[in-house]
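First comes the structure, then the notes that go with it.
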Amino acid sequence: RDRPITVAELEKFICTNLPKRKRTTLNCGGNLFLLLQQSGMAIFYFRMRINGIDTKKNIGSYPDISLKEARVHTSEKGSAISQKWHYAFT
């Protein structure tokens, strides 16, 4: 994805895919993803790949957590993971 999604694009994704009742993921940009579950629950999660191993951390459900808040959490978690990784191998 070249640019982060907007709130309007996020809402459109949910409205389009909700009736399908299928587990679907949206890349929101910057290691932030939205998982739309079959139940209709939308969950933000952060994903980072370190040495070929995927690390996924739940941030919270939408709309309890806004897209803006999820981006802030993603930025903070990414920095924390990078620092831990750096200190582990220096």
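Because only heavy atoms are used, hydrogens play no part in the values below, and waters and symmetry mates are left out as well, while side chains stay in.
Judged as a salt bridge (Lys or Arg N to Asp or Glu O under 4.0 Å), the pairs with a partner in residues 35-47 (not counting sequence neighbours) are, in order, R47-D54. Listed by first and then second residue, the salt bridge (Lys or Arg N to Asp or Glu O under 4.0 Å) pairs involving residues 26-36 amount to none (not counting sequence neighbours). For residues 15-44, the pairs satisfying ring pair (Phe, Tyr, Trp, His ring centres under 6.0 Å) are F33-Y45, F44-Y62, with sequence neighbours left out.
Looking at every heavy atom in both residues, T74 comes nearest to G30 through CG2-O, 3.2 Å. Here the shortest heavy-atom pairing between R71 and P4 reads NH2-CB, 3.2 Å. Closest of all the heavy-atom pairs between L67 and T6 is CD2-C, 3.9 Å. Of all heavy-atom pairs between S61 and M41, the closest is CB-CE, 4.3 Å. P19 approaches C15 most closely through the heavy-atom pair CD-O, 3.2 Å.
Annotation: the span from N17 atom CG to Q37 atom CD amounts to 13.5 Å, rounded to 0.5 Å. R21 contributes atom CZ, which lies 7.5 Å from atom OG of S39 (distance to the nearest 0.5 angstrom). Within the model, atoms CG of L18 and CG of L36 stand 6.0 Å from one another, a figure rounded to the nearest 0.5 Å.
Side chains of L32 and F46 form no contact here, defined as non-hydrogen atoms less than 4.5 Å apart.
There is no path of hydrophobic side-chain contacts, each under 4.5 Å, that joins I5 to L35.
Checking side-chain atoms of N51 against main-chain N and O of I53 turns up no donor-acceptor pair under 3.5 Å.
By the salt bridge (Lys or Arg N to Asp or Glu O under 4.0 Å) test, R23 pairs with no residue at all, sequence neighbours left out. Residues that satisfy the side chain to side chain contact (heavy atoms under 4.5 Å, CB included) test with K22, not counting sequence neighbours, are K20, T24. Remark: E69 pairs with S66 by the side-chain hydrogen bond (donor to acceptor under 3.5 Å, both in side chains) rule, at least two apart or across chains. Among residues two or more places apart in sequence or in another chain, the side-chain hydrogen bond (donor to acceptor under 3.5 Å, both in side chains) test is passed with T25 by none.
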### Task
For the pair I14 and L26, evaluate side chain to side chain contact (heavy atoms under 4.5 Å, CB included) and give the outcome as yes or no after the intermediate values.
CA-CA 9 Å; I14 292 171; L26 172 67; over 6 Å; no
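None of N58, I65, D64 except one satisfies the side-chain contact (heavy atoms from CB on, under 4.5 Å) rule with I43; the exception is N58.
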